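Throughout, a chain's letter reflects where its sequence line sits, starting with A, and its residues are numbered from 1. Every value quoted in this text rests on a predicted model; they were computed, and no experiment measured them.
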There are 2 protein chains.
Amino acid sequence: MSTDHDRVSAGRPQGRRPGASSSRQTILDAARSRFARDGYAGSTIRKIADDAAVDASLVMQFFGTKEQLFAAVMSITPGALARMAEAFDGPTDTLGERVTRAYLGVWEGDPRDSEPLLAMLRAAISNEQASAQVREFVQERLLDARGSRLNNDTDMTLRAGIAASMLVGVIVGRRIVQVPALVNEDLEALIARIAPGIHAILTAQPELRQR
Amino acid sequence: MSTDHDRVSAGRPQGRRPGASSSRQTILDAARSRFARDGYAGSTIRKIADDAAVDASLVMQFFGTKEQLFAAVMSITPGALARMAEAFDGPTDTLGERVTRAYLGVWEGDPRDSEPLLAMLRAAISNEQASAQVREFVQERLLDARGSRLNNDTDMTLRAGIAASMLVGVIVGRRIVQVPALVNEDLEALIARIAPGIHAILTAQPELRQR
DNA sequence: GGCTTATCTCAACAAGTGTTGAGTTATGCC
DNA sequence: GGCATAACTCAACACTTGTTGAGATAAGCC
């Protein structure tokens with residue numbers, strides 16, 4: 001029954017080794033930029049393949065499907081998320097500035113951090129997978145990962161959710177919609193203007209005045 | 001050369017009158033909801049036509065092109081915009097609450113106001129026309145339309161641009177991404193939490209502290 | 001050299017897109 | 001009634017999309 005050489009000699013691999021080429025990483029980089037610029041629906045496999053100087057079907061062969069390629073692009077930002085979450089820890093009187101600086105800083109820094117986040121934002125509009133990811137990003141990772149020791153839990157969760165949404169709004173205005181007033185300002189000036197607002201959200205008593 | 005009856009008797013119309021049917025408005029309503037729910041790219045002429053119980057080519061005949069249909073959907077919210085802009089006028093000590101209430105109120109009220117704005121937001125991601133419209137919305141209409149008499153002009157423009165972006169961010173979190181903490185809270189509670197932050201943005205001195 | 005496996009290209013499919021043109025039905029004026 | 005015009009439907013177009021299968025080339029082990 002068995003030929004003179006068994007097909008695979010007990011675990012030892014044979015033939016060409018996977019990962020020898022750099023194409024996979026090139027495709028991933030191209031996809032990251034495309035998704036960030038054109039969103040999920042606007043990015044096509046063919047365009048991504050062209051950017052990577054590669055045939056479209058190679059993209060499929062590596063990543064299986066467009067959604068899986070997108071998922072691969074999304075899952076490369078644990079560091080940036082941690083930096084934003086950590087900003088909540090520390091002295092209360094500089095809380096607003098720390099959080100504001102951490103958020104805007106990530107979005108202005110290394111494209112390998114900001115592009116997946118931009119892609120996530122753009123895609124959240126048309127793609128349920130991305131929408132869920134933004135939801136989790138704003139809600140859970142920023143709070144549940146740390147013990148949230150500032151106030152009682154549900155109140156601080158709400159405050160942080162609002163603050164995060166607001167900062168994401170600023171990013172949308174600056175990076176996606178490109179509101180002139182936000183684009184023209186440099187980062188430090190923007191932080192100086194925004195920090196008091198975020199500080200108030202995170203620390204102030206809610207206004208009970210009834211209109 | 002001329003027959004016994006001239007083709008058109010000098011301006012007086014003849015034959016069936018335009019606008020007799022209600023289909024045009026039905027199509028417009030369907031398009032408004034679709035664009036708000038699925039964005040520009042995600043909404044197809046055929047789906048909109050189906051919602052309106054009408055053939056797809058009738059949509060084209062009425063509105064010419066998909067972009068023009070989208071433009072028609074966008075151009076029906078002057079009242080809502082005015083309400084948001086007017087909130088900037090009034091006593092300074094309740095400024096944050098007024099602006100916050102006006103913004104969130106429009107987005108929670110009549111779908112004929114909120115749906116085009118949601119559609120505008122969703123489309124701003126993939127459609128340059130909509131992106132320009134959001135830009136103008138955040139930047140100009142909220143300020144240039146009124147004389148902006150609170151502070152010196154460019155400073156107040158920046159403050160209002162930031163505040164508007166932040167409030168749009170809250171809308172995105174509540175209506176699009178649907179962050180649980182924002183969705184579960186009722187409108188008044190949300191306003192009470194957000195107003196102090198917006199107030200600080202619009203009135204506070206920028207933090208000059210240098211980290 | 002052979003053999004096995006991975007990387008990569010080519011051509012094509014099936015489905016869905018916006019859009020078009022011809023034809024049909026309904027409405028209103030003479 | 002007849003006639004002009006609008007409202008509306010049907011079928012098809014040209015194109016793009018994600019995805020697939022077969023085949024060619026290259027790399028690593030015997």
What does [X] touch in the nucleic acid at a heavy-atom separation under 4.0 angstrom: a base, only the sugar-phosphate, or nothing?
{"X": "A:S57", "value": "base"}
{"X": "A:S43", "value": "sugar-phosphate"}
{"X": "B:R24", "value": "nothing"}

Output yes when [X] and [Y] qualify as a salt bridge under the 4.0 Å nitrogen-oxygen rule, no when they do not.
{"X": "A:R174", "Y": "A:E185", "result": "no"}
{"X": "A:D155", "Y": "A:R159", "result": "yes"}
{"X": "B:E115", "Y": "B:R34", "result": "no"}

Checklist entry - So, is A:S23 close to the C:dC8 phosphate, meaning a side-chain N or O under 4.0 Å from OP1 or OP2? => result yes

Which one, [options], comes nearest to the side chain of [X]?
{"X": "B:M60", "options": "D:dT17, C:dT20, D:dG18", "answer": "C:dT20"}
{"X": "B:D55", "options": "D:dG18, D:dC10, C:dT9", "answer": "D:dC10"}
{"X": "B:Q61", "options": "C:dT17, C:dC8, D:dT9", "answer": "D:dT9"}
{"X": "A:L58", "options": "D:dT9, C:dT17, C:dT7", "answer": "C:dT7"}

Gap between atoms [atom1] and [atom2], on [X] and [N] respectively (whole Å):
{"X": "B:I48", "N": "C:dG16", "atom1": "CD1", "atom2": "P", "result": "17 Å"}
{"X": "A:Q68", "N": "D:dG18", "atom1": "CD", "atom2": "P", "result": "14 Å"}
{"X": "B:F63", "N": "C:dG18", "atom1": "CZ", "atom2": "P", "result": "15 Å"}
{"X": "B:I45", "N": "D:dA12", "atom1": "CD1", "atom2": "P", "result": "21 Å"}
{"X": "B:K66", "N": "C:dG16", "atom1": "NZ", "atom2": "P", "result": "15 Å"}
{"X": "B:K47", "N": "C:dG18", "atom1": "NZ", "atom2": "C1'", "result": "14 Å"}
{"X": "B:L69", "N": "C:dT17", "atom1": "CG", "atom2": "P", "result": "15 Å"}

Checklist outcome for this item: By nearest-heavy-atom nucleotide on DNA chain D, the more 5' of A:E67 and B:V54 is B:V54

Checklist entry - Would you call the rings of A:F35 and A:F70 parallel, tilted or perpendicular, where under 30° means parallel and over 60° means perpendicular? => result perpendicular

Checklist entry - Going through the distances and angles, do B:L69 and B:F62 end up as a side chain to side chain contact (heavy atoms under 4.5 Å, CB included)? => result CA-CA 9 Å; B:L69 172 61; B:F62 273 136; over 6 Å; no

Next on the checklist: Does B:R46 contact C:dG16 through a side-chain donor or acceptor facing the base, at a distance under 3.5 Å?
Outcome noted: no

